[in-house]
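Index from 1, following the sequence.
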Amino acid sequence: MSKKKFYVVWNGRKKGIYTSWNICKKQVDGFDAAQYKSFASLDEAELAFSKKYDDYKGKNTTKPILSASEKASYGSPNLESISVDAACSGNPGKMEYRGVLTHNKKQLFLKGPYPNGTNNIGEFLALVHGIALLKSKNKEEIPIYSDSRTAMSWVKQKKCKTNLHFDASNKDLLALIKRAENWLKENTFKNPILKWETKAWGEIPADFGRK
């Protein structure tokens with residue numbers, strides 16, 4: 001079931017806050033220079049309506065804002081770790097991934113871009129790359145953060161369970177996936193693979209900053 005959203009219309013046939021996309025759409029569809037955004041809660045929508053559209057333009061406004069106590073319940077990330085992330089321009093599209101030191105964002109590796117990839121594939125490859133790197137340096141006690149539950153699941157299953165079509169344009173990417181899967185099957189590791197709690201801690205340090 002999808003979560004309820006609240007729609008703010010700053011410029012449309014009738015300005016206001018709406019609880020239905022169909023009603024909001026009637027205010028903005030075909031309206032010249034319409035200004036509107038969706039929000040995760042009524043409080044956020046009311047605050048936004050009291051401000052200007054430009055304050056929210058280009059920002060992701062559907063992620064719920066946590067209270068101080070809710071944030072505290074997540075604790076703090078272990079800064080003595082590495083973080084990995086991927087970026088993809090389209091789905092599929094040009095994909096790249098990287099890993100950084102969590103505490104200062106110093107880049108440890110950057111791979112790509114690879115044509116006709118997906119973000120999930122990049123997240124998976126980034127995790128395996130990070131695990132293999134730490135193992136080669138005998139640092140299996142260091143945690144690795146990822147913000148992708150899908151990639152974490154694939155690593156656990158030792159299988160990149162993508163349904164992406166592979167052809168001559170992305171055969172190199174397929175070779176990388178097979179290599180990563182084989183590494184997982186042939187090696188063991190002790191590094192904790194941890195979920196980066198974006199809603200409490202902000203974007204993961206390895207984020208490419210293109211959202």
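A donor-acceptor contact shorter than 3.5 Å links the side chain of Asn170 to the backbone of Asp167. Side chain of Arg13 to main chain of Lys26: a donor-acceptor pair is present (N/O by atom type, distance under 3.5 Å, no hydrogens or angles). Using modelled atom types, one side-chain atom of Trp196 and one backbone atom of Gly202 make a donor-acceptor pair closer than 3.5 Å. Panel note: side chain Ser83, backbone Ile204; no donor-acceptor pair is recorded below 3.5 Å. The main-chain N or O of Ala132 is never found under 3.5 Å from a side-chain atom of Asn187 such that the two would form a donor-acceptor pair. Looking only at distances, a side-chain donor or acceptor of Tyr145 sits under 3.5 Å from a matching main-chain atom of Asn78.
Looking at Asn22 and Ser20, their side chains never bring a donor and an acceptor atom within 3.5 Å of each other. Lys199 and Tyr74 form a side-chain donor-acceptor contact under 3.5 Å, judged by distance and modelled atom types alone.
Separation of atoms CD1 (Ile82) and CG (Leu133) is listed at 6.0 Å; rounding is to 0.5 Å. Here Cys24 contributes atom SG and Lys37 contributes atom NZ; the two are 12.0 Å apart, rounded to the nearest 0.5 Å. Taking CD from Gln35 and NZ from Lys15, the interatomic distance works out to 8.5 Å, rounded to the nearest 0.5 Å. A distance of 12.0 Å separates NZ in Lys156 from CZ in Arg149, rounded to the nearest 0.5 Å. Distance check: Thr102 OG1 to Glu80 CD gives 9.0 Å after rounding to the nearest 0.5 Å. Rounded to the nearest 0.5 angstrom, Thr162 OG1 and Asn119 CG are separated by 11.5 Å.
More than 12 heavy-atom neighbours from other residues, nucleotides or ligands sit within 6.0 angstrom of NZ on Lys195. For CZ of Arg179, the number of neighbouring non-hydrogen atoms (other residues, nucleotides, ligands) closer than 6.0 Å is 12 at most. Counting non-hydrogen atoms of other residues, nucleotides and ligands closer than 6.0 Å to OH of Tyr18 gives a total above 12.
Taking both residues in full, the closest heavy atoms of Ser169 and Pro115 are given as O-CG, 3.2 Å, listed atom of the first, atom of the second, then distance. Shortest non-hydrogen contact noted between Glu123 and Ala86 is N-CB, 3.5 Å. Contact record, Leu125 with Ala180: CD2-CB, 3.8 Å, taken as the closest heavy-atom pair. Nearest heavy-atom pair, Pro92 versus Leu164, reported as atom, atom and distance to 0.1 Å: CB-CD1, 3.8 Å. Nearest approach of Cys88 to Thr118, heavy atoms of both residues: SG-CA, 3.8 Å. Here the shortest heavy-atom pairing between Gly112 and Glu96 reads CA-CB, 4.1 Å.
Lys111 meets the side-chain contact (heavy atoms from CB on, under 4.5 Å) test with Tyr97, Tyr114, His129; sequence neighbours excluded.
Exactly one of Gln157, Lys159, Lys158 qualifies for a side chain to side chain contact (heavy atoms under 4.5 Å, CB included) with Glu181. That residue is Lys159.
Sequence neighbours left out, not one pair with a member in residues 133-143 passes side-chain hydrogen bond (donor to acceptor under 3.5 Å, both in side chains).
One hydrophobic cluster holds both Phe124 and Leu134 under the rule that ILVMFWY side chains link at heavy-atom gaps under 4.5 Å. Transitive grouping of hydrophobic side chains (ILVMFWY, heavy atoms separated by less than 4.5 Å) brings Trp183 and Leu108 into a common cluster. Both Phe109 and Phe189 belong to a single network of hydrophobic side chains, linked directly or stepwise wherever heavy atoms of I, L, V, M, F, W or Y lie under 4.5 Å apart. Under the 4.5 Å side-chain heavy-atom criterion for ILVMFWY residues, no single connected hydrophobic cluster contains both Leu79 and Leu101. Residues Leu174 and Val128 fall within the same hydrophobic cluster, defined by Ile, Leu, Val, Met, Phe, Trp and Tyr side chains chained together at heavy-atom separations under 4.5 Å.
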Legend entry - Asn116 vs Leu173, side chain to side chain contact (heavy atoms under 4.5 Å, CB included): CA-CA, chis, key distance, verdict: CA-CA 8 Å; Asn116 291 330; Leu173 183 58; over 6 Å; no

Legend entry - Check against side chain to side chain contact (heavy atoms under 4.5 Å, CB included), Trp154 and Leu127: CA-CA 10 Å; Trp154 288 357; Leu127 265 178; over 6 Å; no

Inset, instruction - May I have the step-by-step check of side chain to side chain contact (heavy atoms under 4.5 Å, CB included) for Leu176 and Ile121, ending in yes or no? - result: CA-CA 10 Å; Leu176 277 178; Ile121 291 174; over 6 Å; no

Inset, instruction - Show the numbers, then the answer: is there a side chain to side chain contact (heavy atoms under 4.5 Å, CB included) between Tyr36 and Phe31? - result: CA-CA 11 Å; Tyr36 59 98; Phe31 189 89; over 6 Å; no

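Inter-residue side-chain proximity for Thr198 and Glu203 is flagged as met; some heavy-atom pair is nearer than 4.5 Å. The shortest distance between side-chain heavy atoms of Asp85 and Asp147 falls below 4.5 Å. Contact of the Lys25 side chain with the Tyr7 side chain is not registered, since no non-hydrogen atoms from C-beta on lie closer than 4.5 Å.
Through side-chain heavy atoms spaced under 4.5 Å, either directly or across other Ile, Leu, Val, Met, Phe, Trp or Tyr residues, Leu47 is tied to Phe6, Val8, Trp10, Ile17, Phe39, Leu42, Phe49, Tyr53, Tyr56.
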